[in-house]
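Each remark here refers to the structure printed beneath this line.
Chain naming here is simple, since letters A, B, ... match the order of the sequence lines and numbering starts at 1 in each.
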There are 2 protein chains.
Amino acid sequence: MRGMNGSGEQLERKTKPGSGPGQAGPEGDLPRQAWTLLFELMHTHMRNFPALAAELDLSPVQAHVLRQLGEGPLAMSTLAAYLSCDASNVTGLVDRMEARGLVVRRSSEQDRRVKMLVLTEDGAALRERLLERIFEPPDAICGLPEEDLCALRDIMRRALGAQ
Amino acid sequence: MRGMNGSGEQLERKTKPGSGPGQAGPEGDLPRQAWTLLFELMHTHMRNFPALAAELDLSPVQAHVLRQLGEGPLAMSTLAAYLSCDASNVTGLVDRMEARGLVVRRSSEQDRRVKMLVLTEDGAALRERLLERIFEPPDAICGLPEEDLCALRDIMRRALGAQ
DNA sequence: TATTGTTATACTCTATAACTATA
DNA sequence: TATAGTTATAGAGTATAACAATA
């Protein structure tokens with residue numbers, strides 16, 4: 001198929017030649033090369049996400065909410081921040097998930113304006129099934145030799161650690 | 001697609017012994033480790049995508065369409081397949097983008113049922129700006145040492161090549 | 001006054017089903 | 001008959017603005 005913008009046609013950016021963290025060499029911008037390939041892999045894989053969520057009767061956004069909701073009670077405003085969306089949006093989102101019995105609202109005792117979200121037993125069980133599927137590595141990853149996988153893991157740890 | 005299979009049966013991953021491409025070792029499933037980290041990096045980065053698109057007055061989906069639309073005319077049905085969505089959806093999507101002057105519909109001469117999408121000049125210009133932003137590597141990547149970036153690029157090439 | 005969550009409104013995205021025009 | 005695209009409809013996701021309760 002296509003949809004490939006690999007081979008970096010219009011991406012040959014020899015822009016900043018000199019200093020700084022963006023190394024530009026004879027092959028072009030190295031961070032951008034690596035990132036473009038990584039993005040391509042991820043984007044291809046992510047096309048399946050709506051279908052994956054649908055298998056659990058979740059919308060894509062509900063699946064993201066379920067993923068975020070594992071680590072104890074979460075204020076609705078915090079969830080809105082995680083989702084990078086407006087608070088008014090979270091109201092309807094939680095309405096639907098609460099109606100389905102996945103989460104419950106609980107008023108905070110410290111600040112009675114705040115409502116904390118807690119997973120129900122059903123919600124926690126569904127979340128486990130979801131995570132199992134989300135973190136299933138795609139064939140492109142599984143097919144890599146062990147040394148590549150080790151290197152990839154270590155590089156990603158360094159990248160995330162430096163955040 | 002809602003019945004679901006094993007109803008609660010989890011996939012006991014790390015008990016898969018020995019052979020096959022999925023190596024299970026004392027540290028657990030190596031592909032899954034690498035993938036989970038990669039997923040986390042990508043997910044964090046992708047939270048900014050709606051805002052990035054909004055800066056160009058695009059919805060997230062319109063941005064994806066623009067990205068796919070660079071390489072010559074594309075049938076609407078093909079676009080629907082790329083987006084993994086229903087054809088009826090593409091009609092409205094293209095309506096709005098056409099109204100804004102980013103694309104035009106052109107009837108195919110081979111098969112007059114088919115309509116091909118072509119970027120306008122404005123559409124192509126906006127696409128260039130979009131791609132420049134999309135493939136801007138995040139700090140977590142830019143901060144990696146050069147050898148990590150080379151290794152990452154090469155590993156991703158192998159992963160994508162083996163698709 | 002400022003903040004948390006809700007409501008009202010409007011628009012976009014999405015799927016299903018029925019329709020048309022081609023093939 | 002089958003396929004490509006449209007229309008109609010319905011529901012979900014999203015932002016803005018106005019609001020109530022609380023701080």
Axis-to-axis angle across the helix from C:dT1-D:dA23 to C:dA23-D:dT1, five pairs each end, nearest 10 degrees, ~ 0°

Throw together a table of side-chain donor-acceptor distances under 3.5 angstrom for residues 112-121 of chain B, partners on residues two or more places apart or in other chains.
from, atom 1, to, atom 2, distance (Å)
B:R113, NE, B:D111, OD1, 3.1
B:R113, NE, B:D111, OD2, 3.4
B:R113, NH2, B:D111, OD2, 2.9
B:T120, OG1, B:G101, O, 2.6
B:T120, OG1, B:L102, O, 3.1
B:T120, OG1, B:D122, N, 3.4
B:T120, OG1, B:G123, N, 2.9

For residues 49-61 of chain B, run the donor-acceptor check on the side chains, cut-off 3.5 Å, and write out each pair with its distance to 0.1 Å, sequence neighbours left out.
from, atom 1, to, atom 2, distance (Å)
B:E55, OE1, B:R133, NH1, 2.9
B:E55, OE1, B:R133, NH2, 3.4
B:S59, OG, B:Q62, N, 3.1

Those residues at least two apart in sequence (or on a different chain) that pass side chain to side chain donor-acceptor pair (under 3.5 Å) with A:N48 are none

With sequence neighbours left out, the residues meeting side chain to side chain contact (heavy atoms under 4.5 Å, CB included) with A:T78 are A:L74, A:A75, A:Y82

Sorted by chain and residue number, the side chain to side chain donor-acceptor pair (under 3.5 Å) partners of B:E98 (sequence neighbours excluded) come out as B:R105

Quiz item: Quick one: are A:L149 and A:R153 in side-chain contact, heavy atoms under 4.5 Å?
Solution: no

B:R47 CZ to D:dT14 P, in whole Å, measures 13 Å

Outer limits of DNA chain C sitting under 4.0 Å from a non-hydrogen atom of chain B, read 5' to 3', are C:dT12 to C:dA23

Those residues at least two apart in sequence (or on a different chain) that pass side chain to side chain donor-acceptor pair (under 3.5 Å) with A:R67 are B:H43

Judged by nearest nucleotide, the residue sitting upstream toward the 5' end of DNA chain C, B:A87 or B:G92, is B:G92

The answer to which of A:L83 and B:A75 contacts DNA chain D further toward the 5' end, by nearest nucleotide, is B:A75

query = Any Lys/Arg nitrogen of A:E40 or B:R157 sitting under 4.0 Å from an Asp/Glu carboxylate oxygen of the other?
reply = no

Classify B:T91 by what it touches in the nucleic acid, base, sugar-phosphate, or nothing, heavy-atom distance under 4.0 Å. base

With sequence neighbours left out, the residues meeting side chain to side chain donor-acceptor pair (under 3.5 Å) with B:S108 are B:Q110

Whole-Å distance, A:M76 CE to D:dA20 P, equals 19 Å

Residues in residues 93-114 of chain B with a heavy atom under 4.0 Å of DNA chain D, by number, are B:R105, B:R113, B:V114

Residue pairs meeting salt bridge (Lys or Arg N to Asp or Glu O under 4.0 Å), one or both in residues 73-85 of chain B, sequence neighbours left out, come to none

* At under 4.0 Å between heavy atoms, what does A:S88 touch on the DNA or RNA strands: base, sugar-phosphate, or nothing? -> base

Quiz: residues 84-91 of chain A side-chain donor-acceptor pairs under 3.5 angstrom, not counting sequence neighbours:
from, atom 1, to, atom 2, distance (Å)
A:D86, OD2, A:S88, N, 2.9
A:D86, OD2, A:S88, OG, 2.7

With the side chain defined as heavy atoms from C-beta on, A:S59 is closest, among D:dA12, D:dT6, D:dA15, to D:dA12

